[in-house]
Amino acid sequence: MATSSIRVRFAPSPTGYLHVGGARTALYNYLFAKRHGGQFILRIEDTDEERSSEEFIRMQMEDLKWLGLDWDEGPEFPSLEDRGDYGPYRQSRRLDLYKKYADQLIDAGRAYFCFLTDEEIEVQRQAALKAGRPPQVNSPYRDWPKEKALERIAKGDKAVVRFKVKDEEKRDYVLNDLVRGEVRFPSDMVGDFVLLRSGGMPVYNFCCVVDDALMKISHVFRAEDHLSNTLRQMMLYDELGFKQPQFGHISLILGADRQKLSKRHGASSCHEYKVNGYLPEALNNFIALLGWSSPEGQEIMSMDDMIRLFSPERLHSAPAVFDPQKLTWVNSMHLRALAPKELWARVEPFLKEAGLKLPQDESWRMRALEVLKTGMSTLKDAVDAFRLLSDEPLEISEEANETLSWPSTKAVIQAWRDGIQSFAGDYLSEEDFLKLQDRIKDEQKVKGKHLFMPIRVAVIGKPHGTELKMLVPLLNKKILIDRADAVLKKLG
RNA sequence: GUCCCCUUCGUCUAGAGGCCUAGGACAACUCCCUUUCACGGAGUAGACACGAGUUCGAAUCUCGUAGGGGACGCCA
């Protein structure tokens, strides 16, 4: 097996369903790994004890699996047992590691215990803001000897561990970003930041560095909102003597109002798209296009296509607005490309959930799907489409009122209803239907919409829809007659 | 407020100084196909944020302005 030193990771914090933004980050990392025969690692950033839960971890995993973004290393689903040589893969299980590196920093005089309270910090913030300075903390504990701090802690006082940003040497940290090129951060952009919380839990910028280094991560594709965090992380890489991975900061996904995409923009989690009948291959395809383009401009792509075509040079640095209409189009393209049996397998759960009773036989299903699929954009659309072919009582839509008001309509429907009987078998064939339609045309002296609209209303309760010669052979005669009777009854 | 990032049709994007009277896709509109609806096909309309500069030449390079976004947490 060809080994590659490419190792990337997706590191969600388990605080809910997987967001489309997170999914896109995961996807880009996944594509990059697969493109280069590298490893895709799942690491759980569950250091926020308030908001994280194992339930959420599993939810995120299910969404990733649904999208087909399987990881080579990380906790397994559903056991959450680690798989891989660089575990544990949940940050809450790596506390001793963070402590070790924090101690190292403290002993080197690069970090210190800080006893500032929230209130004191808030006062400092306000004062700094008022004075037009960046709201950075200024800790009086910065130069306390370790022993003195330890004594105070022994007495029961709570302390965080802060990194001591060197203020004696102002300099620019230069990041060569895979997406943005050279980015320079002035070192005084940040104040002394927290490494370890008073409870011993690490804070993002710290554990992220320790983990990426220890897990030998080579490339990090993450969202742009981490760009300014990178300065802190670069300081830590330097101080800890770790080799920095290559960073690529991808742009954010925005809602129609150009604000960061969130719940208030409507569906923003993968789970919602799954439930609403979107295909994982379509969601992947669509979100990939939000910030990346294929070299030839190809838009409809399978996962394999994207793996083959992906390269970070084609990542776009400007934020992208999420357009649900285009997603729906992409979805319908993937839907139509699916083999009939596969499509049925995807559609079936939705039909079941809707409680539709439909013929069991395979050939009927395949024919029905073939007829209905051009009208479907999502799997959920199959429910309404197939409802018309089920034995559910006919709903006569308002649109049918005009058709029903024509003087000739009643006689046409009556002739239709009576004519059905004159053919042998449980179903009318396409030829049978056309023959009957012709007969009605001659006998009732109607043509055009005055002929077929009444029949369509008698068949599906609406004057518009799929071609009758395709639809009628999919409905057994009993249903056809019952429906015609229902419409006749309404006509009185 | 400070710092960082971003700026091509309504939206996603192509574009690495001349190939650009700026190309494609979604959406919109028109027409064709169709005894309806969809599908499909053919078209139409629609953008380089603004201002300077560099250059023989700028959507592309530089600077400034404006606008948008992000960060400044014991969130990630």
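Every chain is numbered from 1 and lettered A, B, ... according to where its sequence line falls, protein lines coming before strand lines.
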Base B:A27 paired with A:K326 side chain (donor-acceptor, <3.5 Å): no
Residues within residues 48-56 of chain A bordering RNA chain B, heavy-atom distance below 4.0 Å: A:D48, A:R51
Nearest-nucleotide comparison on RNA chain B, the residue closer to the 5′ end among A:T47 and A:G297: A:G297
Touch class at under 4.0 angstrom, heavy-atom based, for A:G199 against every strand present: nothing
N/O donor-acceptor pair, side chain A:S198 with base B:C74, under 3.5 angstrom: yes
B:A71 pairs with, by Watson-Crick or G-U criteria that keep both distances under 3.5 Å: B:U2
Sugar-phosphate only, base, or nothing, as touched by A:Q437 at under 4.0 Å among non-hydrogen atoms: base
Residue whose closest nucleotide on RNA chain B lies nearer the 5' end, A:K447 versus A:P135: A:P135
Any A:R314 side-chain nitrogen or oxygen under 4.0 Å from OP1 or OP2 of B:G15: yes
What N/O pairs connect the protein and nucleotides 31-33 of chain B at under 3.5 Å? Give each pair on its own line.
none

Beyond-backbone contact of A:D257 with A:H265, side-chain heavy atoms, under 4.5 angstrom: yes
Among A:D211, A:N29, A:L42, A:V220, side chain to side chain contact (heavy atoms under 4.5 Å, CB included) partner for A:R9: A:V220
N/O donor-acceptor pair, side chain A:N229 with base B:A76, under 3.5 angstrom: yes
Touch class at under 4.0 angstrom, heavy-atom based, for A:R222 against every strand present: nothing
Sugar-phosphate only, base, or nothing, as touched by A:R456 at under 4.0 Å among non-hydrogen atoms: base
Taking only nitrogen or oxygen atoms into account, show me every contact under 3.5 Å that the protein makes with nucleotides 5-7 of chain B, one pair per line with its distance.
from	atom 1	to	atom 2	distance (Å)
B:C5	O2'	A:R180	NH1	2.3
B:C5	O2'	A:E224	OE2	3.0

Whole-Å C1' distance, B:G17 and B:C61: 8 Å
Ring geometry between A:F115 and A:W144 (parallel below 30°, tilted from 30 to 60°, perpendicular above 60°): tilted
Sugar-phosphate, base or nothing in reach of A:V321, heavy atoms under 4.0 Å: sugar-phosphate
Nucleotide nearest A:Y204 when distance is taken to its side chain, options B:G73, B:G10, B:A76: B:A76
